[in-house]
Amino acid sequence: MVKSIIAHPEKCTGCKLCEVACALYHHGEVNPLLAYIQVYRKGVTVDLPLACTQGVDCGENFCMEVCPTGSITRDPSGVVVINKETCIGCRICYQRCPMKVIQMIDGKAYKCDLCGGDPQCVKVCTAGAIEFAEADQEEIKRTKELMKEVV
Amino acid sequence: MPPAGMSGKMLWIDLSKPSYEIRDVPEEWYEKYLGGNGFATKILFDMVKERVEPLSAENPVVITPGVFNALPVPTGGKCQITSVSPLTGTFSDSTSGSPIGAEIKHAGYDALVIVGKAERPTYVVIRNEKVEFKDATPLWGMTTHDTQEEIRRIEGDRRMIVASIGPAGERLVRFACVDSDHRQFGRGGLGAVWGYKNLKALAVRGTLSVRPKDPRRALELLKRWTETMKESPAYRDDTKYGTGEFLEWMNRERGTFPTRNWREGVFKEREKIDPYYWAPRYSIKNKACYGCCKPV
């Protein structure tokens, strides 16, 4: 089973260092709009880190299925990746993504690529709120329930 | 050229007109005053020649993100409001871990200066270089939390960061604070200064990037600090009890616990407000200031 970033919202403190690390690693700048992990906050008690599940539980909205140019595929290690050359920036994946973690940057779609196998976001989370592990259906379902309130 | 991580720009707002102006930060300020606290002190020092009435149009309100805001530096995520306090009549600053500091940097500013007094309750909306003054009359009387939620709803942006006063600031309570995302600028009664100026709230949304000088090295440092932090026993204790961790020490060892408006330095009935007492009983979860790994 493919690994992805699993979130444990009850441990998340809302510090957003994961967003900082992601944008820094991929784009050399600090900007939440360039991060593929997104932390949503509601009130005082809810902090919800959202990350790509690499296709687990995406259903009919799975980016790989909805891309009209076939630009989204699985690489040999199982990670879902977007081909920038063939991406036409139609935004369909961006709109359909159930976790809302696809970013449109300069007219192209970007998503979590697990940093080539060593996800940086996990390395900067002191609270243990995100984990690089095999997908947990229960945890994903709980996250989606929480999303309805927060996003 | 401003140093990496700083924009070189300040936003000056006059609530009386109302009007705004984007100004350059003088080059030498970065070397002499660094930013954040340093800039705020310099600005207040220049603008307040002798005395200024705290509750007045002339009293400047300076809002500065820390130099390390929106950069990969844990503990560097605070924002400061500096002004003349209605409580003390003199220079006063108050710091908060609200994400508004980072948002101000993402909007492209190293400092915000607000002068004047609005004719009617107003909230200011900043979206990068675009500044709007909006009618806050329907919000007047609302609590800080409700104000911030309502402004996000009106502006149609759930990720907008808002700082606001509540009924206390509106009524010029001398120790009123400014709240932003449930983290307060609590000292000096600066909420009353906002209230006098009819400034109900400040809403910011920035989309620009902040770039460290060496992004790769900055990320390596952040990862190293994270490891160090996680392994430290002090970190484990701090995250359970936060800054209240040294409540007992302040009382017993130092006698510096503000009691009855500083008439005393030891609070004899402190047991029930000690986090060692209430955290195990009432704590739901940990919350961190923006960009910091140390929660509470």
Side-chain angles (χ1 to χ4, degrees), chain A residues 7-35 38-50 100 103-106 115-116 118-132 146-151, chain B residues 4-5 68-75 77 97 99 102-103 105-106 145 148-149 152 158-159 161 181-183 206-232 235-236 239 284-296:
Chain A
H8 304 292
E10 70 286 355
K11 291 192 189 164
C12 179
T13 62
C15 79
K16 304 223 180 179
L17 282 171
C18 52
E19 290 181 6
V20 170
C22 180
L24 209 58
Y25 178 80
H26 290 98
H27 299 276
E29 298 175 343
V30 178
N31 191 336
L33 294 170
L34 302 174
Q38 297 282 297
V39 180
Y40 283 82
R41 295 153 55 118
K42 183 172 187 217
V44 197
T45 50
V46 183
D47 297 285
L48 182 59
L50 294 178
K100 301 204 181 303
Q103 293 284 25
M104 295 306 299
I105 303 169
D106 291 332
C115 303
D118 189 20
Q120 303 292 287
C121 54
V122 177
K123 294 177 122 78
V124 302
C125 178
T126 42
I130 46 179
E131 198 192 339
F132 181 39
L146 211 46
M147 273 180 85
K148 290 183 193 150
E149 288 176 49
V150 174
V151 175
Chain B
F68 287 136
N69 239 313
L71 285 171
V73 182
T75 76
E103 206 65 26
K105 272 201 156 185
H106 286 306
H145 174 75
Q148 292 167 36
E149 288 292 302
R152 274 189 278 272
R158 293 191 81 139
R159 296 196 78 169
I161 310 293
D181 250 38
H182 303 282
R183 300 206 86 104
T207 62
L208 305 173
S209 293
V210 177
R211 196 188 177 93
K213 185 165 179 185
D214 186 340
R216 191 163 315 191
R217 186 162 152 72
L219 181 55
E220 289 308 309
L221 280 172
L222 176 59
K223 287 188 287 185
R224 185 156 31 118
W225 288 328
T226 306
E227 272 315 300
T228 308
M229 226 89 65
K230 276 155 82 166
E231 283 160 20
S232 152
Y235 176 76
R236 280 195 293 275
T239 54
I284 298 176
K285 69 174 286 193
N286 282 348
K287 288 286 288 193
C289 291
Y290 168 82
C292 186
C293 54
K294 180 187 162 150
V296 188

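We name chains A, B, ... by the order of the sequence lines, and we start the count at 1 in each one.
Note on B:R224, B:R211, B:Q148, B:M229: by heavy-atom pairs under 4.5 Å with chain A, the leading option is B:R211. With respect to chain B, the highest number of heavy-atom pairs below 4.5 Å among A:L34, A:V44, A:V20 belongs to A:V44. Ranked by non-hydrogen atom pairs under 4.5 Å with chain B, the options A:G14, A:C125, A:A23 are led by A:C125. Annotation: maximal heavy-atom pairing with chain A below 4.5 Å, among B:R216, B:R158, B:E149, B:E227, occurs at B:R158.
A pairwise comparison of heavy atoms in B:P215 and A:G28 identifies CG-O, 3.3 Å as the closest pair. Taking each heavy atom of A:A21 and B:L219 in turn, the nearest pair found is CB-CD1, 3.8 Å. When all heavy atoms of B:K285 and A:V46 are compared, the pair lying nearest together is NZ-C, 4.4 Å. Nearest heavy-atom pair, B:P212 versus A:V30, reported as atom, atom and distance to 0.1 Å: CD-CG2, 4.5 Å. Contact detail for B:I284 and A:T45: the closest heavy-atom pair is CD1-CG2, 4.4 Å.
No part of A:C18 comes within reach of chain B, as not one of its non-hydrogen atoms sits under 4.5 angstrom from that chain. B:R159 touches chain A through its side chain: at least one heavy atom from C-beta onward sits under 4.5 Å away, while N, CA, C and O do not. Neither the backbone nor the side chain of B:D214 comes within contact range of chain A; no heavy atoms are under 4.5 Å apart.
Side chain of A:K16 to main chain of B:Y290: no donor-acceptor pair is present (N/O by atom type, distance under 3.5 Å, no hydrogens or angles). Formation of a donor-acceptor pair under 3.5 Å by the B:N286 side chain with backbone atoms of A:K11 is not found in this model.
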Working for side chain to side chain contact (heavy atoms under 4.5 Å, CB included), residues A:L33 and B:H106: CA-CA 10 Å; A:L33 294 170; B:H106 286 306; over 6 Å; no

Given the rule in the side chain to side chain contact (heavy atoms under 4.5 Å, CB included) test, do B:K223 and A:Q120 qualify, once you have shown the distances and angles that lead to the verdict? CA-CA 8 Å; B:K223 287 188 287 185; A:Q120 303 292 287; 2.5 Å; yes

Evaluate A:D47 against B:K287 for side chain to side chain contact (heavy atoms under 4.5 Å, CB included), listing each step before the verdict. CA-CA 9 Å; A:D47 297 285; B:K287 288 286 288 193; 2.9 Å; yes

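Counting heavy atoms of neighbouring residues, nucleotides and ligands inside a 6.0 Å radius, atom NZ of A:K100 does not exceed 12 of them.
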